[in-house]
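Take a look at the structure below.
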Amino acid sequence: MLINSPAQEDAYLNKREAMVEQQIKARGVKDKLVLKAMRTVKRHLFVPLSQADEAYTDSPLPIGHGQTISQPYMVAYMTEVLRPNPQMKVLEIGTGSGYQAAVLAEIVRQVYTIEIVPEHGELAAKRLKNLGYRNVQVKVGDGYLGWPDYAPFDAIIVTAGAESVPPPLLEQLKEGGKMVIPVGLPNRTQTLKVIEKKNGKAVSKNLMPVIFVPFTRDK
Ligand code: SAH
């Protein structure tokens, strides 16, 4: 890992503060735990080196293999929707860079995250370990199937656009738990939904239009 000078780290810290104030708080995210996590996680260490100076801008960034790390606001917003707390065990589908997993790991007890592109999963696992996140477990595989070994989960976050809600994920959500997921056709605007499991049934609410990379399946 590249070690930045203290002056460089200070510059990134200032950018992170500005990101939280201008992009995240300004758009209505209030959850103190979420804001603290967004101030803490060094987003510049989750993007390719060539993109480090763009890490705190108000947009998604390419991370290779046609994938992207979501816009900071979207990460904060989706995290807030889950109402995370230190007791929770959360499943993420779409590890990507590992950034969203790190944000969650700052707040909750345990994060399980699944990535279908082996290169991303392996790099994210190494990165999270090097950064000292001991409460994140990364698996390479098809997230459609969830992670039955560790189910049920208090919350589930899907960070790729699915055509419909994968039934195994709903199955693995705890009663009363929330899942946040973009649903829609690939390469079109999707609808970010929050789905709450109530009496075994999915109660779904539309949140906002979003564009995520497609949810793919193992062939
Ligand atoms: N949360 C990530 C961004 C995710 S981009 C971050 O913080 O950086 C969406 C990711 O979902 C991509 O890396 C893509 O490869 C992955 N993905 C797509 N379909 C998947 C599936 N079925 N199972 C697991 N991961 C999947």
Side-chain angles (χ1 to χ4, degrees), residues 16 19 24 34 37-38 40-49 51-52 54-57 59-82 84 90-108 111-128 131 133 136-148 150-151 153 155-170 172 179-187 190 192 210-219:
R16 220 156 39 243
M19 170 191 86
I24 298 174
V34 175
M38 296 300 297
T40 306
V41 181
K42 295 179 173 179
R43 185 169 160 98
H44 60 279
L45 300 182
F46 290 82
V47 300
L49 263 185
Q51 304 273 347
E54 309 301 319
Y56 298 100
T57 56
S59 65
L61 289 175
I63 55 170
H65 301 278
Q67 305 302 350
T68 56
I69 176 172
S70 305
Q71 178 191 24
Y73 165 67
M74 191 49 61
V75 173
Y77 177 76
M78 289 171 79
T79 309
E80 181 177 58
V81 166
L82 298 176
V90 180
L91 176 67
E92 179 193 25
I93 309 303
T95 315
S97 67
Y99 177 70
Q100 172 74 70
V103 168
L104 280 165
E106 291 285 339
I107 305 172
V108 306
V111 179
Y112 295 95
T113 178
I114 307 176
E115 170 57 52
I116 202 163
V117 176
E119 291 84 352
H120 281 323
E122 284 152 22
L123 178 61
K126 206 176 342 157
R127 178 180 279 148
L128 289 161
L131 290 173
Y133 288 100
V136 184
Q137 205 166 313
V138 183
K139 173 166 100 164
V140 169
D142 184 354
Y144 184 93
L145 305 168
W147 202 334
Y150 297 108
F153 300 96
I156 299 180
I157 177 167
V158 180
T159 64
E163 286 188 36
S164 56
V165 179
L169 297 184
L170 196 57
Q172 292 169 34
M179 170 170 13
V180 63
I181 179 170
V183 179
L185 296 175
N187 307 314
Q190 302 127 6
L192 188 68
V210 289
I211 301 177
F212 278 78
V213 298
F215 192 100
T216 55
R217 300 294 317 275
D218 271 341
K219 287 169 200 85

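Numbering of ligands and ligand atoms starts at 1, following listing order.
Considering backbone and side-chain N/O atoms, Thr159 comes within less than 3.5 Å of an N/O atom of ligand 1. Among the atoms of Ile63, none of the N or O lies under 3.5 angstrom from an N or O of ligand 1.
For atom 3 (C) of ligand 1, the closest non-hydrogen atom of the protein is Thr68 O, 3.4 Å. Here the heavy atom of the protein found nearest to atom 8 (O) of ligand 1 is Ser97 OG, 2.6 Å. When hydrogens are left out, the protein atom nearest atom 23 (N) of ligand 1 is Gly143 N, 2.7 Å; that is the closest non-hydrogen contact. Counting only heavy atoms of the protein, atom 19 (N) of ligand 1 lies nearest to Thr216 N, 2.9 Å.
Atom 26 (C) of ligand 1 has its nearest heavy-atom neighbour, among Ile116, Val158, Thr113, in Ile116. Relative to atom 18 (C) of ligand 1, the option among Gly96, Pro214, Gly121 with the closest non-hydrogen atom is Pro214.
Applying the 4.0 Å criterion to heavy atoms of Glu115 picks out, from ligand 1, the atoms 10 (C), 11 (O), 12 (C), 13 (O), 14 (C), 15 (O), 16 (C), 24 (C), 25 (N). The ligand atoms of ligand 1 that sit less than 4.0 angstrom from a heavy atom of Val213 are 5 (S), 9 (C). Contact atoms of ligand 1 toward Gln100: 1 (N), 7 (O) (distance under 4.0 Å to a heavy atom of the residue). Atoms of ligand 1 found under 4.0 Å from any heavy atom of Gly141, numbered from 1 in the order shown, are 23 (N), 24 (C). Close approach of ligand 1 to Ile93 (heavy-atom distance below 4.0 Å) involves ligand atoms 23 (N), 24 (C).
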